[in-house]
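Report on the following structure.
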Amino acid sequence: MSTTRGLKNNNPLNIRKSNDTFLGEKTSTDKAFKQFITMPYGYRAAFVILSNYSKRGLNTIEKIIGRWAPPTDGNHTENYIRNVAIRSGIDRKKILTLKDGNDYIKIVAAMCFSENGKEAVMNDVIDGFLLQSRITR
């Protein structure tokens with residue numbers, strides 16, 4: 001069974017290369033995506049990005065995925081939103097706060113599945129959550 005690009009890169013949400021540098025990021029040999037030293041650091045970066053989204057009013061699954069995987073980039077955004085809502089068990093319109101860490105953990109795990117077609121290892125997701133302090137539970 002082959003490993004997806006996101007999992008090979010320890011970047012389970014496929015964060016694109018940018019000028020932002022995250023804790024645990026390593027010099028990427030991938031042409032388009034960041035690479036991290038461990039999977040939890042890849043998840044940590046996702047939580048940091050989602051906390052920044054929240055501060056800009058992107059605080060529902062619909063708004064998060066609409067920004068994360070917009071249709072203008074060739075994504076099936078509506079399917080992604082629906083799948084994350086179903087897999088996480090969280091209503092797509094629920095307004096999230098930075099104190100909804102348990103919901104964010106479920107959302108990030110569901111996003112991992114959408115990005116890679118494989119279940120997230122929940123210990124890695126939780127370890128990534130614990131490496132950041134912007135979202136609490």
Side-chain angles (χ1 to χ4, degrees):
M1 181 184 284
S2 66
T3 302
T4 65
R5 186 177 192 178
L7 299 180
K8 283 180 193 172
N9 288 337
N10 288 325
N11 181 358
L13 270 59
N14 289 311
I15 299 167
R16 291 194 176 277
K17 283 185 170 180
S18 69
N19 291 329
D20 296 327
T21 303
F22 295 95
L23 189 65
E25 185 176 341
K26 65 182 189 177
T27 303
S28 182
T29 56
D30 187 295
K31 293 182 184 196
F33 296 98
K34 291 182 174 285
Q35 293 178 319
F36 295 92
I37 57 174
T38 65
M39 194 64 74
Y41 280 107
Y43 282 116
R44 179 197 177 276
F47 287 114
V48 168
I49 292 169
L50 295 184
S51 74
N52 291 336
Y53 280 15
S54 178
K55 292 173 188 172
R56 293 184 294 185
L58 303 174
N59 57 0
T60 67
I61 289 173
E62 284 181 339
K63 292 176 183 177
I64 290 166
I65 304 303
R67 171 69 178 89
W68 192 274
T72 53
D73 286 355
N75 295 296
H76 297 286
T77 306
E78 180 55 34
N79 289 344
Y80 198 147
I81 291 167
R82 187 176 332 129
N83 290 334
V84 168
I86 290 167
R87 291 189 80 76
S88 68
I90 298 163
D91 187 278
R92 62 190 284 152
K93 294 182 184 290
K94 178 183 179 183
I95 296 174
L96 303 163
T97 72
L98 292 178
K99 294 181 181 178
D100 285 323
N102 289 327
D103 286 346
Y104 275 102
I105 288 168
K106 292 173 190 172
I107 289 166
V108 166
M111 289 173 72
C112 173
F113 186 86
S114 290
E115 292 283 339
N116 300 287
K118 296 183 181 187
E119 293 288 339
V121 175
M122 288 308 293
N123 286 341
D124 287 344
V125 179
I126 292 166
D127 287 348
F129 179 83
L130 295 173
L131 286 169
Q132 59 81 47
S133 60
R134 297 174 182 209
I135 302 171
T136 62
R137 50 182 180 165

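Computation of the quantities below employed the complete heavy-atom set of this structure, encompassing side-chain atoms and omitting hydrogens, waters and symmetry-equivalent molecules.
- What you find for A46 and L13 is that their closest heavy atoms are CB-CD2, 3.6 Å.
- Residue L7 comes nearest to P12 through the heavy atom pair CD2-CB, 4.2 Å, listed as atom of the first residue, atom of the second, then distance.
- Residues R134 and L50 are not in side-chain contact: their nearest non-hydrogen atoms beyond the backbone lie 4.5 Å or more apart.
- The salt bridge (charged side-chain N to carboxylate O under 4.0 Å, His left out) check on D103 picks up K94, with sequence neighbours excluded.
- Summarising the geometry, atom CD1 belonging to I107 is positioned 14.0 Å from atom SG belonging to C112; distances are rounded to the nearest 0.5 Å.
- For the pair D20 and I49, the minimum side-chain heavy-atom distance is 4.5 Å or more.
- Counting heavy atoms from C-beta on, the side chains of F22 and F36 come closer than 4.5 Å.
- Contact check for S114 versus V84: side-chain heavy atoms found under the 4.5 Å cut-off.
- By the rule that hydrophobic residues join a cluster once side-chain heavy atoms approach within less than 4.5 Å of another member, I90 and L98 end up as members of one cluster.
- Side-chain atoms of E115 and W68, non-hydrogen and from C-beta on, do get closer than 4.5 Å to each other.
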Please tabulate, for the side chains in residues 58-65, all donor-acceptor contacts under 3.5 angstrom to protein atoms that are two or more places apart in sequence or on a different chain.
unit_1: T60; atom_1: OG1; unit_2: E62; atom_2: N; d: 3.4
unit_1: T60; atom_1: OG1; unit_2: K63; atom_2: N; d: 3.0
unit_1: E62; atom_1: OE1; unit_2: K93; atom_2: NZ; d: 3.2
unit_1: E62; atom_1: OE2; unit_2: R92; atom_2: NE; d: 2.6
unit_1: E62; atom_1: OE2; unit_2: R92; atom_2: NH2; d: 3.2
unit_1: E62; atom_1: OE2; unit_2: K93; atom_2: NZ; d: 3.3

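- Annotation for A109 and M122: closest pair CB-SD, 3.6 Å, computed over non-hydrogen atoms.
- Nearest approach of Y43 to V121, heavy atoms of both residues: OH-N, 4.5 Å.
- What you find for R5 and K31 is that their closest heavy atoms are NH2-N, 4.5 Å.
- Side chain of Q35 to main chain of T29: a donor-acceptor pair is present (N/O by atom type, distance under 3.5 Å, no hydrogens or angles).
- Under the salt bridge (charged side-chain N to carboxylate O under 4.0 Å, His left out) criterion, R82 pairs with E78, not counting sequence neighbours.
- Surrounding CD1 of I37 are more than 12 heavy atoms belonging to other residues, nucleotides or ligands, all under 6.0 Å away.
- Environment of NZ in K55: crowded, with over 12 heavy atoms of neighbouring residues, nucleotides or ligands closer than 6.0 Å.
- Residues V125 and F47 approach most closely at O-CE1, 3.6 Å, considering heavy atoms.
- The structure places CZ of F33 at 7.5 Å from CG of N11, a figure rounded to the nearest 0.5 Å.
- Side-chain contact check for K8 versus D30: every heavy-atom pair is 4.5 Å or farther apart.
- In this structure, the side chains of N75 and Y80 stay at 4.5 Å or more apart for every pair of heavy atoms.
- The pair R87-E119 counts as a salt bridge, with a side-chain nitrogen and a carboxylate oxygen less than 4.0 angstrom apart.
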